[in-house]
Number of protein chains: 2
Amino acid sequence: MPAPKRSSLALVAARAGVSVASVSRVLNGGSASQELTQKVREAAEALGYVPDASARTLRTGRTDQIALAVADVGNPVYVQMMRAVTGVVAKADYRLVVSSTGSDPQDQIDLLSSLNRGYADGLILSPLRITADLIDAMRSSRLPIVVIGSLPEDVALDNVRADSATGVGLAMEHLVAQGRKLIALVNGPVDTVPGSARLAGYLAALERFDLPNAPELQVTATGFTYRAGRKAVAGLLGGSRPDAIVAANDLLAVAALKELAATGARVPEDVAVVGMDDTDTAELATPSLTSVDLGSAKRAAAAAKLLVRRIADPAAPVRRLVIPPSLSVRESTLQETAQ
Amino acid sequence: MPAPKRSSLALVAARAGVSVASVSRVLNGGSASQELTQKVREAAEALGYVPDASARTLRTGRTDQIALAVADVGNPVYVQMMRAVTGVVAKADYRLVVSSTGSDPQDQIDLLSSLNRGYADGLILSPLRITADLIDAMRSSRLPIVVIGSLPEDVALDNVRADSATGVGLAMEHLVAQGRKLIALVNGPVDTVPGSARLAGYLAALERFDLPNAPELQVTATGFTYRAGRKAVAGLLGGSRPDAIVAANDLLAVAALKELAATGARVPEDVAVVGMDDTDTAELATPSLTSVDLGSAKRAAAAAKLLVRRIADPAAPVRRLVIPPSLSVRESTLQETAQ
DNA sequence: CTGTTAGCGCATTCAT
DNA sequence: ATGAATGCGCTAACAG
C-alpha cells in the first residue's frame with residue numbers, strides 16, 4: 001500500500017483545467033501563454049503541489065544530489081571538507097548528502113553499491129584504506145567518483161591529493177631550524193592512506209636533514225583519534241625523550257600535548273609539537289598547535305568541482321590534482337628563547 | 001535523454017527466460033522454485049543487476065532513508081548526535097543522510113520542502129531557532145518529523161528535549177559548593193532554543209542559591225562558536241572579575257579557558273569554568289573541562305527511535321521526552337586546595 | 001508456483 | 001502554444 005495520497009501533476013492539471021504536459025512545462029520553465037501560466041501557478045499553489053523526486057529521477061535519470069562519504073565525522077578534518085564541499089555543490093545546484101562510513105573499506109563498498117541504485121549523481125570519497133576490492137568497486141561503479149587522497153597510478157579516476165611528504169618536510173624543517181634533534185613521529189595506522197604517506201614523508205625528511213632513523217622515536221596509534229593518541233604517546237615517552245613530536249593529525253598532536261603535560265614536560269620548552277591538517281582543534285589547543293595545513297578545504301573544494309565537471313561530461317579526461325601544503329606556526333613550537 | 005543504459009528487471013528476466021515478476025520475487029525473497037531462483041540469480045549476477053531506487057520508491061512510496069539536519073557540523077555536539085542516530089537508524093534498516101543547514105530557519109524550511117519531494121521517509125531536526133514560519137512548515141510537512149529540542153506546547157510533534165534548567169542548576173550547585181560567589185554566564189544568542197533555555201536556567205539558579213543577578217556577569221556571544229566566545233569573554237573580563245564561568249556549550253567554555261589564560265588568570269584556582277554538552281572537546285581542553293552532559297547522545301538516539309516508530313505508525317500518539325542532565329566533573333573546577 | 005498487467009508521477013515526443 | 005500518449009523500472013494484484 002503506497003504512501004498517503006499526495007499532490008501530483010494530474011491533480012494540478014485537473015484543477016487548472018489544462019493538460020499535465022502544460023503543467024509540467026509551466027513549472028519547469030517551458031514556453032506557455034500568460035494565461036495558462038497564471039492558471040497553473042494558481043492551481044499548484046492552492047494544492048500545495050510539490051514535485052515528486054523519484055518520479056522525476058526515474059524519468060530523467062538525474063537526482064541532483066551529490067554524496068560525500070567521510071570515514072569519521074568526529075575528525076575535524078572532515079568537518080573542514082564538508083564545509084568546503086557544501087559551498088561548491090550548492091553553487092552547482094546540487095544537494096549534498098553526507099554519509100558516514102567506518103574506516104572499513106567494506107563500508108565504502110556497501111555505500112557504493114547503494115549509491116549505484118541511483119541515490120546520487122556522483123560521489124566524493126576520501127577513503128582511509130584502499131583495498132583491491134574497493135578499487136574494483138570504484139572501477140565498476142556506474143556513478144562518477146572523485147577520490148580525495150592518493151590512488152594507484154593505474155586507476156583512472158579523478159582525484160586530488162595532498163602532498164604529505166612535503167608537508168611533513170615543512171614541519172621537520174621548522175623543527176630543525178629551532179634546533180630540535182630528536183624528532184619523534186606519532187603516526188596513525190600505516191595501512192591507511194594518510195598513515196603510509198606520513199611515514200614516508202617522515203623518513204624522507206630524516207634523511208634530508210641528516211637525522212638518525214631511530215625506531216624508538218616512531219610510534220603508531222591504533223587510530224587517528226585522541227584516545228589512541230594518548231596511548232601511543234605514553235608508550236613513546238616511556239622509551240625515549242624526544243625534543244620534538246610530529247603527529248599525523250591534530251587529534252594525535254593534542255593527545256601528545258596532554259600526555260606531555262601529564263608527565264610534567266613543558267611545551268614548547270622541553271618538547272615541541274606539530275600537528276597536521278590545521279583544523280580548528282589546533283587553534284583551541286593549549287598551547288595552540290603548530291600544524292601542517294595539508295589543504296583539506298582546498299582539496300575538498302577541488303574534488304567537488306571535478307565531480308561536477310565529470311557529471312556534466314563523463315568523457316572528460318581524468319584529472320589528478322595535488323594541493324601543496326603550508327605550515328601554520330603557533331605556540332607549540334615557538335620558544336621565546338629560541339636558540 | 002535519460003542516463004546511460006543500465007541493467008533492469010526486464011533484462012534479467014529476458015536472460016533468465018522468465019517473467020519480470022518472478023525476478024522481482026526471487027530478488028525480494030518471495031516464494032519461488034529452486035530452479036527458477038537459480039536461473040534468476042545467475043542472470044542477475046551475470047548482468048550485474050542493481051535495483052533502481054527511484055523506481056522502487058515511486059512504486060512503494062518508501063525510500064528507506066532517514067534525514068538528519070544539523071545546524072553546524074563544526075559543533076561537536078552534533079557529532080555526538082550523528083553517531084547516536086547512525087546506530088539506531090541502521091538497526092532499523094534505514095540509511096542515514098545528513099544535511100547541514102545553517103542557523104537560519106529558512107534553511108530548515110528549504111530543507112523541509114526539499115524532503116517533501118520524497119527524498120526521505122522521515123526527518124530528525126534540531127533547530128537552533130524556531131520561528132512561526134518554521135513551525136508552519138513542520139506542521140504542513142507530509143513527512144514525519146521528530147524534533148530534538150524544545151517546542152511550543154501546541155505543536156503536535158514528537159520531540160525530545162534536554163532539561164537545560166536543571167543542567168545549569170547542576171553546574172551552579174557544583175560551583176557554589178566549591179565556594180564560588182561570582183558566577184558569570186557566557187551564553188550564545190538568546191533568540192535560539194538553547195540560548196534562551198540556558199539563560200533561564202542561569203537566572204533560576206541565581207535565585208535558588210541566593211546569588212545576585214549582576215548584569216555585568218552575563219555576556220552573550222554572537223554564536224555558539226569558539227571565535228565568538230573569545231570576543232564575548234574578553235568583554236566580560238574587561239568589566240568584571242568573576243570567580244567562575246558557566247558557558248552555554250563546550251566551545252564557548254574553551255574560549256573562556258583560552259581568554260583567561262591570555263589574561264594570566266589561573267583555572268581553576270582563580271576562575272572555575274564549566275562547559276555544556278560534555279563533548280570530546282571537554283576532554284581535549286587544557287585544563288580538561290567540567291561539563292554538563294545534557295544527554296545529547298541519548299536525545300538523538302531517542303529521537304531516532306521515535307521517528308522509526310512514527311514512520312511505522314503515523315497515527316501513534318505524540319510523545320514528548322525529556323532527558324535528564326548530569327555533570328562530568330574535570331580539572332577546570334577542581335582545586336586541590338578546595339576551600 | 002509463475003506470468004500478465006496496471007500504474008506510481010513525471011518529462012518528452014509527437015500531433016494538432 | 002497546447003494536448004494526448006508513451007515509458008522510465010519497479011511491485012503488487014490478479015489470473016492461471
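Throughout, a chain's letter reflects where its sequence line sits, starting with A, and its residues are numbered from 1.
- Residue Glu35(A) contributes atom CD, which lies 8 Å from atom P of dT2(D) at whole-angstrom precision.
- In this structure, Arg15(B) is not positioned above the aromatic face of Tyr49(B) in the sense of NZ or CZ being under 6.0 Å from the six-membered ring centre and within 45° of the axis.
- Salt bridge Asp191(A)/Arg129(A): present, at least one basic N to carboxylate O contact under 4.0 Å.
- Between the side chains of Ser296(A) and Arg299(A), at least one donor N or O lies within less than 3.5 Å of an accepting N or O.
- When each of Leu36(B) and Tyr49(A) is assigned the nucleotide of DNA chain C bearing its nearest heavy atom, the one mapping closer to the 5' terminus is Leu36(B).
- With rounding to whole Å, Asn28(B) atom CG is found 8 Å from dA12(D) atom P.
- No hydrogens or angles were tested; on distance alone, a donor-acceptor pair under 3.5 Å links the side chain of Arg25(B) to the base of dG3(C).
- Remark: C1' of dC8(D) and CG of Leu58(A) are 4 Å apart, rounded to the nearest angstrom.
- The distance between atom CZ of Arg117(A) and atom P of dC10(D), rounded to the nearest whole Å, is 10 Å.
- Regarding Leu11(B), its CG atom lies at a distance of 11 Å from the P atom of dC8(D), rounded to whole Å.
- Note on Thr60(A): every side-chain N or O is 4.0 Å or more away from OP1 and OP2 of dA11(C).
- Heavy-atom distances to DNA chain D give each of Ser19(A) and Arg56(B) a nearest nucleotide, and the one nearer the 5′ end belongs to Ser19(A).
- Shortest non-hydrogen contact noted between Ser99(B) and Leu96(A) is OG-O, 4.4 Å.
- Nearest-nucleotide positions on DNA chain D for Ser54(B) and Val20(A) put Val20(A) closer to the 5' end.
- Of all the heavy atoms in Thr57(B) and Ser54(A), the pair that sits closest is CG2-OG, 3.4 Å.
- Using a 4.0 Å heavy-atom criterion, one finds that Ala21(B) contacts the bases of the nucleic acid, with or without backbone contacts as well.
- In this structure, Ser33(B) reaches the sugar-phosphate backbone alone: every heavy-atom distance under 4.0 Å involves primed, P, OP1 or OP2 atoms, never a base.
- Distance, Gln38(A) CD to dT2(D) P: 13 Å, rounded to whole Å.
- Atom-to-atom, CG of Leu9(A) to P of dT6(D) comes out at 18 Å; the value is rounded to the nearest Å.
- Atom pair Leu27(A):CG and dG9(C):P shows a separation of 16 Å (rounding to whole Å applied).
- For dT2(D), neither phosphate oxygen OP1 nor OP2 lies less than 4.0 angstrom from any side-chain nitrogen or oxygen of Ser22(A).
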